[in-house]
Q: 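The structure that follows is given in the form of structure tokens.
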Number of protein chains: 2
Amino acid sequence: MPRTADHEERRRQIAGAVRELISEHGLDAVTVARTAAAAGMSVGLVQHYFRSKDEMLLHAFNEVSAAIRDRAGERIRAGIEHRRPIAWVLAEALTEFVPLDERRRTEFRVTRAFAGRSLDAPALAEVDTETARRVREDIARAVHNGKECGEVAPDLDPWPAAVRLAAVTEGLATQVYRDPAGVNGTPAAELAESLIAAELATVFTGECRQYANGA
Amino acid sequence: MPRTADHEERRRQIAGAVRELISEHGLDAVTVARTAAAAGMSVGLVQHYFRSKDEMLLHAFNEVSAAIRDRAGERIRAGIEHRRPIAWVLAEALTEFVPLDERRRTEFRVTRAFAGRSLDAPALAEVDTETARRVREDIARAVHNGKECGEVAPDLDPWPAAVRLAAVTEGLATQVYRDPAGVNGTPAAELAESLIAAELATVFTGECRQYANGA
DNA sequence: TTGATAACCGTACCACCATACGATAAAAAC
DNA sequence: GTTTTTATCGTATGGTGGTACGGTTATCAA
């Protein structure tokens, strides 16, 4: 074996530089040269880890999408472990998609930029739709679990409910991003959290049986 | 006066070419040369009507945003004139934002592309936020009118309701765009319409008094 | 020690694009 | 009819950016 370096770590460094560049100056400002500079390496090295610029961008988009979804998933996992009501857990998970702090705002800007470019880049579009599909499935699964627990009415179809919850979350995320100050004096953050909670309340209408049992 | 030509008409032609180019090949494919070719004129002529490419893009974005909003406004105006229930009128107006046919799909793609570029283009970002603000106001006004008519409970705050309706509409529009085939067998179009209707039903809970009167 | 392989650097090339510019034609004004 | 102004064209130019490429260093195997 020759001179060694952590391949995946380098790719993450580069993807991180891409993320910061997009968030601060937009996707058009991302050039291979600038990315290399931001990552503290040479142009040649970036080429060593990504055969083309498109591949580099795709990787960055994938990584950011995965990061968001992983955080949401982690919140769900932890919530389940602590025997929280599913509605409560889901509320926390969904707010991960809303740009309520710098990190989430950065990620939101990145996904927004890539969504725009997806128009003529099938590979990027697939990341977008695939991520959305997974989120929808996670939500539908949570609603389904709510039935077994007793929080959700047994005859409720999880799929329309999941689409609705995904839609409000995404829509509210956009609104919070555009007008963080909110509307009519109410900060957008408060508005988003209360509206998500209200929307969840129309799906999770019952009490969780596990609570009565004590688990 | 010298040699004459319809200034606004030419600008509309160019904006139309930009719209088609974006929708078919993405915002990155829009060059001044290609736009000129698509509009059937020379590069120099495009420059004659727009001092810079940015100005040209800004105009195109403005025009598309206005077109969508105008159609929604027209639906509202016509609905009011025909004494329709406000909930019904609003449902029609909101579906103008959902990409349910080719025209709306084209417009959706254009706004999506511009939203992505808005990250580092303040002028474009302003069009985005301003359009969203106006839509929100239109919805809030409709909810307010619903009170006088008797369709909306008198103590309901129109603003959170407007934010919520705008959010679901925008979110559903995105979902329909990404997966027109829908989820679990249900076409996205049906899903979107029924979910918007359901959301409206939580705001417009009463009957319109004008109906009883006959008007 | 030698050779092979991978990590890394810097640059040169090529294509593309926004914009500047000069030129021409036509219509209106005087 | 001359002048002025606008509509229209085509090209030249300067800058930028992706990628190809040649070169260097360091590590491990034989």
Q: So what does B:Y49 hit on the nucleic acid, given a heavy-atom distance under 4.0 Å: a base, only sugar-phosphate, or nothing?
A: sugar-phosphate

Q: Answer yes or no: are there more than 12 heavy-atom neighbours, outside A:H144 itself, under 6.0 Å from its atom NE2?
A: no

Q: Suppose we screen for ring-ring contact (aromatic ring centres under 6.0 Å, His included). Which residues come up paired with A:F61, at least two apart in sequence or across chains?
A: A:F114

Q: Residues two or more places apart in sequence or in another chain: which of them pass salt bridge (Lys or Arg N to Asp or Glu O under 4.0 Å) with B:E148?
A: none

Q: List in numerical order all residues of residues 17-37 of chain B for which some heavy atom is under 4.0 Å away from an atom belonging to DNA chain D.
A: none

Q: Quick check for you: among C:dT19, C:dC9, D:dT19, whose closest atom lies nearest to any side-chain atom of A:M41?
A: C:dC9

Q: Check the distance between C:dT19's P and B:L45's CG and give it to me in whole angstrom.
A: 16 Å

Q: Within this structure, what is the CZ-to-C1' distance between A:F50 and C:dA6, rounded to whole angstrom?
A: 17 Å

Q: For B:I14 and D:dT8, give me the distance from atom CD1 to atom C1', rounded to whole Å.
A: 12 Å

Q: Looking at the base of C:dA18, is there any donor atom on it, or on the side chain of B:Q47, that sits under 3.5 Å from an acceptor on the other one?
A: no

Q: Salt bridge (charged side-chain N to carboxylate O under 4.0 Å, His left out) between B:E74 and B:R71: does it pass, once the steps are laid out?
A: CA-CA 5 Å; B:E74 177 54 29; B:R71 275 211 314 279; over 6 Å; no

Q: Using atom NE2 of B:H7 as one end and atom P of D:dT5 as the other, report the distance to the nearest whole Å.
A: 17 Å

Q: Does the salt bridge (charged side-chain N to carboxylate O under 4.0 Å, His left out) test come out yes or no for A:E8 and A:R12, once each step is laid out?
A: CA-CA 6 Å; A:E8 282 313 307; A:R12 245 169 300 165; 5.5 Å; no

Q: Do B:R164 and B:T202 have side-chain atoms, one donor and one acceptor, less than 3.5 Å apart?
A: yes

Q: Write down the distance between CG (A:D6) and P (C:dA6), rounded to a whole number of angstrom.
A: 16 Å

Q: A:H48 has an atom NE2; how far is it from atom C1' of D:dT25, in whole Å?
A: 13 Å

Q: Could you please name the option among C:dA7, D:dC9, C:dA18 that lies closest to any side-chain atom of B:K53?
A: C:dA18

